[in-house]
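In this chain, numbering begins with 1 at the start of the sequence shown.
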Amino acid sequence: MPHDHDDHTHPHTLLPSDPALRIKALETLLTRKGLIDPQALDAIIDTYENRIGPRNGAHVVVKAWTDPAFRAALLEDATKVVSELGYYGRQGEHMVAVENTDSVHNMVVCTLCSCYPWPLLGIPPTWYKSDAYRARAVREPRKVLADFGVALPSDVAVRVWDSTAEVRYLVIPRRPDGTDGLDEKALMDLVTRDSMIGTGLAHYPAAGTT
C-alpha cells in the first residue's frame with residue numbers, strides 16, 4: 001500500500017509481522033476446513049506462555065540453592081524430583097541436573113538438533129538451534145561463552161553436555177554472593193534462562209534489594 005503522506009511517526013510496528021500474519025492465515029484456513037480445533041490451539045498456547053518456561057527452571061534452581069536435601073535429591077535423580085514439582089511432560093521426560101561450582105562450569109548444547117527441557121525452560125531460543133552454536137559449543141566453548149559475555153577464570157573447567165532425545169540437562173548456576181537475605185521470589189529473579197543452559201550466570205541483586 002503506497003504512502004500518501006510524509007508523517008512516518010505513526011506506529012507501523014503495531015502491525016503483526018509477516019510470519020505472524022502467515023501463521024494466522026494458515027490457522028484460519030485449517031480451522032475453516034475443520035482440520036484443527038481453535039480451543040486446542042488456545043490450550044497449547046496457554047501452556048507454553050504461562051505454564052512452562054524459565055520460571056519453572058528458576059524455581060527448581062532456587063530450591064536447590066536453599067534446601068540442601070532437595071539439591072542432593074535433584075543431583076541424584078532430577079527426573080523424579082522435577083516431576084514431583086509438576087514439571088514434566090513432552091521434552092522433559094529424562095532430566096539430569098548438573099551444578100556449577102568454584103572449579104567447574106557446565107554448558108548445554110544439542111549437537112544433533114535442539115533437544116531442550118521444555119517443561120523447565122520453555123521453547124529453546126533461536127541461537128540454541130543454530131548450526132553455529134551447535135558446532136562451536138563443543139569445539140571452542142570458552143569462545144562461545146565469551147560471545148555471551150561470560151569470562152571464566154582459567155582454572156575453572158568447562159564441561160559441555162550434549163542433549164539427546166534420551167537425556168536433557170538443567171544447569172544449576174552458582175548462587176551469587178550477598179543473597180542470603182533474599183526471599184524465594186527475589187532469588188528466582190536472579191536466575192536467567194541462559195544461566196540454566198550455561199551460557200550465562202545468575203545475576204547479582206540490584207543495589208538496594210533486600
Side-chain angles (χ1 to χ4, degrees), residues 19 23 40-41 43-65 70-101 104-150 152 156-174 188 190-202:
I23 291 171
L41 284 180
I44 293 172
I45 292 170
D46 177 66
T47 295
Y48 288 104
E49 284 188 343
N50 303 308
R51 300 183 187 182
I52 70 173
R55 292 297 284 180
N56 291 351
H59 182 216
V60 173
V61 167
V62 169
K63 285 184 68 67
W65 282 351
F70 179 89
R71 170 184 161 277
L74 180 67
L75 293 172
E76 175 70 23
D77 187 348
T79 303
K80 177 176 182 293
V81 170
V82 299
S83 294
E84 289 173 351
L85 290 175
Y87 306 144
Y88 60 90
R90 186 167 178 258
Q91 304 289 333
E93 299 90 345
H94 310 290
M95 288 298 310
V96 170
V98 291
E99 182 181 34
N100 288 348
T101 67
V104 175
H105 180 92
N106 296 283
M107 181 176 169
V108 181
V109 66
C110 176
T111 56
L112 292 177
C113 49
S114 59
C115 295
Y116 190 77
W118 289 12
L120 291 173
L121 300 187
I123 304 298
T126 301
W127 56 259
Y128 184 83
K129 298 178 283 186
S130 70
D131 291 341
Y133 177 76
R134 290 157 50 195
R136 293 183 62 216
V138 293
R139 191 174 65 243
E140 48 186 15
R142 287 184 184 273
K143 291 184 178 179
V144 173
L145 289 172
D147 290 344
F148 280 91
V150 177
L152 299 173
V156 175
V158 178
R159 290 180 181 168
V160 179
W161 301 87
D162 193 0
S163 291
T164 68
E166 283 73 39
V167 61
R168 292 171 174 80
Y169 297 92
L170 173 72
V171 174
I172 305 172
R174 292 185 63 202
M188 287 175 61
L190 306 179
V191 182
T192 67
R193 176 199 63 195
D194 288 6
S195 72
M196 294 181 282
I197 300 173
T199 53
L201 304 175

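- Residue pairs meeting the salt bridge (Lys or Arg N to Asp or Glu O under 4.0 Å) criterion with at least one member in residues 191-200, sequence neighbours excluded, do not occur.
- Among residues two or more places apart in sequence or in another chain, the ring-ring contact (aromatic ring centres under 6.0 Å, His included) test is passed with Y128 by Y116, Y133.
- Residues forming a side-chain contact (heavy atoms from CB on, under 4.5 Å) with L201 (at least two apart in sequence, or on another chain): H105, V150.
- A distance of 4.5 Å separates SG in C115 from CZ in R168, rounded to the nearest 0.5 Å.
- By the side-chain contact (heavy atoms from CB on, under 4.5 Å) test, A78 is found to be paired with L74, M95, A97, residues two or more places apart in sequence or in another chain being considered.
- When every heavy atom of D162 is checked against every heavy atom of C110, the shortest pair comes out as OD1-CA, 3.5 Å.
- Within the structure, side-chain hydrogen bond (donor to acceptor under 3.5 Å, both in side chains) pairs that include any residue of residues 134-150 comprise D131-R134, R136-E140, R136-D147 (at least two apart or interchain).
- Evaluation of the side chain to side chain donor-acceptor pair (under 3.5 Å) rule for K129 yields no partner, not counting sequence neighbours.
- Residues satisfying the ring-ring contact (aromatic ring centres under 6.0 Å, His included) criterion with F70, sequence neighbours excluded, are absent altogether.
- With sequence neighbours excluded, the residues forming a side chain to side chain donor-acceptor pair (under 3.5 Å) with N106 are N100, W161, listed by chain and number.
- Considering only residues two or more places apart in sequence or on other chains, D77 meets the side chain to side chain donor-acceptor pair (under 3.5 Å) condition with none of them.
- Looking at residues two or more places apart in sequence or on another chain, you find a side chain to side chain donor-acceptor pair (under 3.5 Å) between E84 and K80.
- Annotation: salt bridge (charged side-chain N to carboxylate O under 4.0 Å, His left out) contacts of R55 (sequence neighbours excluded): D189.
- A donor-acceptor pair is defined here as one N or O able to donate and one able to accept, closer than 3.5 Å; such a pair exists between the side chain of S83 and the backbone of T79.
- Not counting sequence neighbours, the partners of R174 by the salt bridge (charged side-chain N to carboxylate O under 4.0 Å, His left out) test are D102.
- With I172 as reference, L75 is the one residue of L75, V62, T101 to meet the side-chain contact (heavy atoms from CB on, under 4.5 Å) rule.
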